[in-house]
Every structure is written in structure tokens, then in C-alpha cells.
Amino acid sequence: MKVLFVVSEFAPWVKTGGLADVAQGLPQALTELGHDVRVLLPAYGSILDRSLKIKKVDRWQDATSPIDYQLLSSSYGEVKVWLVDTPSFRALEGNPYHNQRGEMHADCAQQFNLLSRVAASIAGGQTRMRWRPQIVHCNDWQSALTPVWMLLKRVNVASLFTIHNLHYQGRFPSQTLEYLNLPWWLYHADALEYHGDLSFIKGGLVFADKINTVSPTYAKEICTAAHGQGLDGLLLHRQDDLVGVLNGIDTNIWDPSTDPLITATYSAKDMTGKQQCKSALQQIFSLPIECDTPVLGLIARLVPQKGIDILLSALPEMLSQGVQVVILGSGESYLQQQLTELAQQYNRQMGVHIGFSEELAHQIEAGADIFLMPSRFEPCGLNQMYSMRYGTIPIVSACGGLIDSVTDVNAKSSKATGFIVHALTPTALHQKTAQAIEMYHQKDKWQQLVRRAMKQDFSWKQAAKQYEKLYQNSINSLKTW
Ligand code: ADP
């Protein structure tokens with residue numbers, strides 16, 4: 001199948017979260033299955049600054065925009081990548097969505113509308129490129145206007161829209177519709193209007209042929225008022241077109257037996273390297289090097305979704321249980337500040353690094369004993385899967401992809417791979433941690449749990465096969481006009 005995969009992040013070139021890892025892993029796995037996949041991505045300045053091999057493919061001006069832009073082509077491994085190059089994407093500072101002060105870029109709507117429009121033009125054969133897809137796969141709000149532009153440009157190609165996180169919807173004032181050259185008839189509750197605003201995500205939810213999200217449980221959760229983020233009615237309406245496919249992980253990049261970013265490699269057969277990684281991690285965070293003290297790790301965007309405030313309330317009690325805690329993240333300034341202050345107060349037991357560091361993320365996965373994910377909601381979550389692969393036992397909340405990927409010690413001890421906190425509260429979190437620590441000190445039991453977790457197969461192959469079917473279903477349900 002010829003697949004155009006439209007996305008706003010791509011690891012390792014540009015990453016704020018799991019979307020980037022998916023954009024790198026899924027096209028690669030689909031390519032390995034024999035499909036012809038092209039990733040379409042903005043040419044952010046930070047990507048152009050890398051010494052990539054880049055070719056100019058096309059240059060044009062769309063009738064609906066005065067901007068002159070060009071399409072560049074590059075590749076990552078076996079995957080072909082096309083980059084939409086505009087002066088604005090080039091000049092972006094900070095991450096793709098926010099500047100260094102955490103404010104949304106002023107022309108975010110225009111830029112991601114352009115990404116969608118270019119995707120529709122490619123799909124419609126309206127560029128100089130001969131290649132045309134059979135399926136356009138859009139991801140999250142940043143590319144959600146693609147099916148809308150496909151409709152407006154009369155492009156008769158199937159589309160799939162993947163929800164990676166329903167919380168982020170791309171909501172803009174209604175007048176934005178005009179700046180984007182979208183017709184006013186789209187400003188309707190059955191189209192792009194949402195409580196008086198223009199909603200990008202509704203483009204994908206209303207107009208794509210099929211919709212999916214990144215775990216079976218989250219697919220059910222988002223059809224309820226509790227997790228539907230105000231869109232549960234629409235999702236219920238499209239329930240027959242909505243499925244959940246659990247993300248995979250890139251088992252080459254996240255492999256403790258070959259990982260170049262960790263202090264010592266190891267495998268389930270020989271765990272000595274993990275001890276060295278633990279000592280190195282304690283050293284990085286200036287904590288006492290104690291091999292019998294359980295080290296708890298967390299890597300996350302520091303936002304309410306990730307339950308950081310709940311963790312903050314639970315931490316004094318958890319630290320009294322004789323553990324060390326290491327945290328890597330960036331996000332809301334009040335959460336950054338509170339974590340930093342707590343780490344100063346408990347400087348012999350807790351270390352916090354505010355920022356984004358791929359290398360430190362690998363070191364935490366390898367060096368910690370236990371990984372914390374007390375998320376309020378989690379569409380899929382990748383870190384719990386990385387953790388299991390690194391023999392770092394996850395403690396997760398009972399939601400979304402976390403319960404689809406972790407088996408609780410209490411529920412099925414012979415298949416257990418971690419600990420699940422039901423009814424997430426600070427008390428429930430520190431009680432579950434206490435249970436994990438108790439097991440950690442029973443060395444044989446813990447080793448069994450670690451080995452079982454490390455044996456789990458979360459590779460992309462299985463998920464890629466499900467996407468294959470989903471693409472076929474989208475093509476079959478394409479309405480021809
Ligand atoms: P989300 O997509 O909601 O952020 P996921 O668990 O799906 O959450 O994926 C997060 C990805 O981003 C993981 O690969 C994680 O290691 C990475 N990540 C998050 N914050 C940081 C950080 N501060 N430094 C390095 N990697 C990070």
C-alpha cells in the first residue's frame with residue numbers, strides 16, 4: 001500500500017512526546033512489511049540544522065495562500081521523509097507548538113493548516129510529484145484538517161485519523177477560519193465548530209473515513225463523558241468507525257543489550273550491567289550510591305495529565321519508605337518549581353532534572369528499579385513499555401494503554417509485569433509503592449518479575465499489521481462522489 005503519513009513530530013529529529021516515537025516506529029515497521037510509506041513533516045529549522053541529506057522535490061504557491069513554499073525530501077533509515085519548508089516553520093523557536101516562554105506560536109493555526117493542505121495536494125496529485133497515496137494517515141490536531149482539504153480539493157483518497165491525545169484539540173477563535181481560507185459552511189456543529197471556536201481535531205473526527213486511537217481501553221474511555229474531553233458525543237456517533245490499536249516501541253533503539261546511551265549494557269540473562277547503570281544514575285543525581293536502596297524513576301511532560309501533583313502529595317510519605325526518586329521532565333512552571341523545591345528539601349534522596357534529554361531518559365530507564373506513571377489518563381503511554389524492556393518495574397494508574405500493557409501483581413501473579421493503582425490518590429500511590437518496595441526486598445520474587453517484564457514483546461510488528469487492516473478498511477469505506 002502507498003501510505004502518506006502526516007505528522008508534526010518525528011524522533012529523533014523533533015520530539016516533545018510519544019507522537020514523535022510513533023512517527024518514527026510505525027512507518028519503519030510498515031516499510032518492513034513491504035509498504036511504500038512517505039512521512040510528511042514540517043521542515044523546522046532544527047531539522048534543517050542537522051546535517052541530513054536533503055533534496056528539493058518541488059516548489060509552488062497554492063492558490064489559497066500567498067506563501068511560496070517548497071517540498072524537500074530526505075530519509076531516516078529506510079523511511080522516506082518529505083519536509084514542508086516555509087519561512088515560518090524554518091524560523092520557529094522553542095518546540096513546534098510553543099516558544100521558550102511556553103506561549104503558543106502566533107501562527108500555529110496557519111502553519112498546521114498549511115501542512116494539511118500540502119498533504120491534500122500530494123494526495124490529489126496536485127503537485128509535480130508523480131507519487132500518490134492510496135491512504136492518507138493523519139495524526140492528532142496538527143494534521144487533522146487534511147481530510148477537510150481533501151474534501152475541498154475533491155481528492156478521492158481514503159483517510160485515517162489517529163487520536164494520540166484527545167486533550168489537545170487545536171482550538172482557535174472562529175475568525176481563524178477566514179485566515180485559513182476555509183469556507184464558512186464548515187463553521188457548523190456537525191463540522192469544525194466547537195463551542196464558538198474553530199476546532200482542528202474535529203476535521204479528523206468528522207471527515208476521516210476511519211478513526212483510531214492508541215489503545216483499546218482509551219478507545220472505549222473517550223466515548224464517555226469522563227474522558228471524552230467534550231467530544232464523547234461525536235465519538236459515540238462514530239463508534240463503528242473507531243478502534244484502538246496499542247502502540248509498539250522501537251525495540252532497536254530501546255534495547256538494554258545494545259543501548260549506546262547507557263553506562264553498561266545488560267540482558268535478562270546477565271543483569272550485572274543494570275547495577276552499574278544504577279550506580280551511575282545515583283551519581284548523576286548526586287545521590288548516595290547504595291545498591292540496596294530502590295530507585296524510583298519518572299520521565300514525563302510535567303502537566304496535570306501525568307499526575308505530577310498527585311505524586312507531589314505522595315512523595316513525602318514515599319520518601320519515608322527509604323527510597324530514592326529521580327525525575328526528568330519539563331512543562332508547567334508551577335510543577336517544575338514544586339518538584340525542584342522538594343528535591344532541595346530531600347537532597348539525599350531525590351533528584352530532579354528540568355529539561356528534555358534523550359540520553360538521561362535512557363539512563364533513567366536503565367538505572368532505576370521502579371518506574372512511576374500515575375497518569376490521570378494515558379492514551380497509550382510508552383515509558384511503561386520501555387521500562388519493562390529495561391527490567392524497571394512500572395507502577396501505573398488504571399487507565400488507557402497502561403492497563404492494556406501492564407499486568408498487575410495482585411490480579412495475575414504468574415503473568416505479572418508491574419503494579420496497577422486503582423482509584424488514583426496520593427494515599428493509593430504511596431501504598432502501592434510500599435507493596436512494590438516490599439517485593440523489591442524479596443530478591444528471588446523481584447528477579448522473576450523483572451525477567452518476565454523484560455520478555456514482553458511490544459515491538460511494532462504486531463501493531464503495524466493491525467494498521468494494515470485499518471488502512472484496508474478505510475479504503476473499503478471510502479465514499480466516492
Ligand atoms: P506523551 O506522549 O503523553 O508525552 P508517552 O509516554 O506516550 O507520553 O511518551 C513520552 C515520550 O517522551 C517518551 O519517549 C519519553 O521518554 C519522552 N519524554 C518525555 N519527557 C521527556 C524529557 N523531559 N526528556 C526526554 N524524554 C522525554
Side-chain angles (χ1 to χ4, degrees), residues 4-28 31 37-61 65 67-119 122 127 129 139-143 164 168 250 252-254 259-261 299 301 328-331 353-363 382:
L4 182 65
F5 191 91
V6 196
V7 72
S8 59
E9 301 187 21
F10 184 84
W13 296 349
V14 55
K15 171 167 168 175
T16 71
L19 178 62
D21 292 8
V22 175
Q24 189 259 315
L26 176 57
Q28 174 67 35
T31 305
V37 188
R38 314 285 161 119
V39 175
L40 183 72
L41 176 79
Y44 305 112
S46 58
I47 295 185
L48 298 176
D49 287 345
R50 291 170 167 261
S51 9
L52 303 173
K53 272 196 188 157
I54 290 186
K55 266 199 331 214
K56 285 184 189 164
V57 186
D58 202 352
R59 178 184 197 99
W60 74 103
Q61 212 180 33
S65 154
I67 306 167
D68 199 18
Y69 48 93
Q70 53 184 1
L71 202 62
L72 311 174
S73 110
S74 187
S75 59
Y76 181 79
E78 313 216 316
V79 177
K80 296 194 176 82
V81 184
W82 282 336
L83 301 161
V84 180
D85 182 19
T86 69
S88 272
F89 278 140
R90 266 178 189 247
L92 276 195
E93 278 177 15
N95 75 28
Y97 324 115
H98 301 107
N99 63 22
Q100 265 105 355
R101 290 181 302 282
E103 301 150 349
M104 195 175 219
H105 296 302
D107 60 353
C108 227
Q110 282 90 335
Q111 290 307 304
F112 289 116
N113 174 55
L114 183 78
L115 175 70
S116 299
R117 245 184 29 221
V118 173
I122 294 173
T127 71
M129 279 173 304
N139 297 278
D140 272 353
W141 74 265
Q142 298 88 347
S143 52
H164 295 266
Y168 300 98
D250 189 318
N252 292 321
I253 292 175
W254 296 94
D259 193 334
L261 298 178
I299 306 159
R301 292 179 297 111
L328 164 65
S330 63
H353 180 95
I354 301 297
F356 194 96
S357 164
E358 197 66 29
E359 189 175 344
L360 191 50
H362 283 247
Q363 284 165 331
L382 296 173

With side-chain contact (heavy atoms from CB on, under 4.5 Å) as the test, would you mind laying out the steps for Tyr76 and Leu52 before giving the verdict? CA-CA 9 Å; Tyr76 181 79; Leu52 303 173; over 6 Å; no
Heavy atoms of Ser357 and Leu328 approach each other most closely as O-CD2, 3.6 Å
Gln111-Ser88 side chain donor-acceptor pair, cut-off 3.5 Å | yes
Residues at least two apart in sequence or cross-chain that pass side-chain contact (heavy atoms from CB on, under 4.5 Å) with Asp85, listed by chain then number, are Ala43, Leu48, Gln70, Leu72, Arg90
Heavy-atom nearest pair, Pro96 first then Thr16, reads CD-CG2, 3.9 Å
d(Gln363 CD, His353 NE2) to nearest 0.5 Å is 10.5 Å
Practice item. List the steps, then state whether side-chain contact (heavy atoms from CB on, under 4.5 Å) holds for Val39 with Phe10. Key: CA-CA 9 Å; Val39 175; Phe10 184 84; 4.0 Å; yes
query: Within a strict 4.5 Å, meaning less than it, do heavy atoms of the Gln110 and Asn113 side chains meet?
result: no
Rounded to the nearest 0.5 angstrom, the CD-NE2 distance for Glu103 and His98 is 9.5 Å
To the nearest 0.5 Å, atom CZ of Phe356 lies from atom OG of Ser330 at 7.5 Å
Check your understanding: Is the backbone of Lys53 close enough, under 3.5 Å, to the side chain of Ser74 for a donor and an acceptor to pair up by distance?
Key -> yes
Over 60° means perpendicular and under 30° means parallel, so tell me whether Trp141 and Tyr97 are parallel, tilted or perpendicular.
tilted
Problem set entry | Within-4.5 Å side-chain heavy-atom neighbours: Asp140 and Tyr168 | no
side-chain contact (heavy atoms from CB on, under 4.5 Å) filter on Asp58, not counting sequence neighbours, yields Trp60, Leu71, Thr127, Arg128
d(Arg38 CZ, Met129 CE) to nearest 0.5 Å is 9.0 Å
query = Does one side chain, of Asn139 or His164, offer a donor that lies under 3.5 Å from an acceptor on the other?
reply = yes
side-chain contact (heavy atoms from CB on, under 4.5 Å) filter on Ala11, not counting sequence neighbours, yields Lys15, Ala20, Asp21, Gln24
Taking every heavy atom of Ser73 against every heavy atom of Val57, the minimum-distance pair comes out as CB-CG2, 3.2 Å
What one should report as the nearest heavy-atom pair of Ala119 and Val6 is CB-CG2, 3.8 Å
message: Let's go through Tyr69 and Arg117 carefully: what are the C-alpha distance in whole Å and the side-chain angles of both, what is the deciding distance for side-chain contact (heavy atoms from CB on, under 4.5 Å) to 0.1 Å, and is it a yes or a no?
response: CA-CA 12 Å; Tyr69 48 93; Arg117 245 184 29 221; 3.9 Å; yes
Could you tell me whether the side chains of His362 and Asp259 share a donor-acceptor contact shorter than 3.5 Å? yes
d(Asn252 CG, Asp250 CG) to nearest 0.5 Å is 5.5 Å
To the nearest 0.5 Å, atom CZ of Phe89 lies from atom OG of Ser8 at 9.0 Å
Q) Are any of the side-chain heavy atoms of Leu83 and Ile54 separated by less than 4.5 Å? A) yes
Would Trp82 and Ile122 satisfy side-chain contact (heavy atoms from CB on, under 4.5 Å), going step by step from the backbone distance to the final call?
CA-CA 11 Å; Trp82 282 336; Ile122 294 173; 3.9 Å; yes
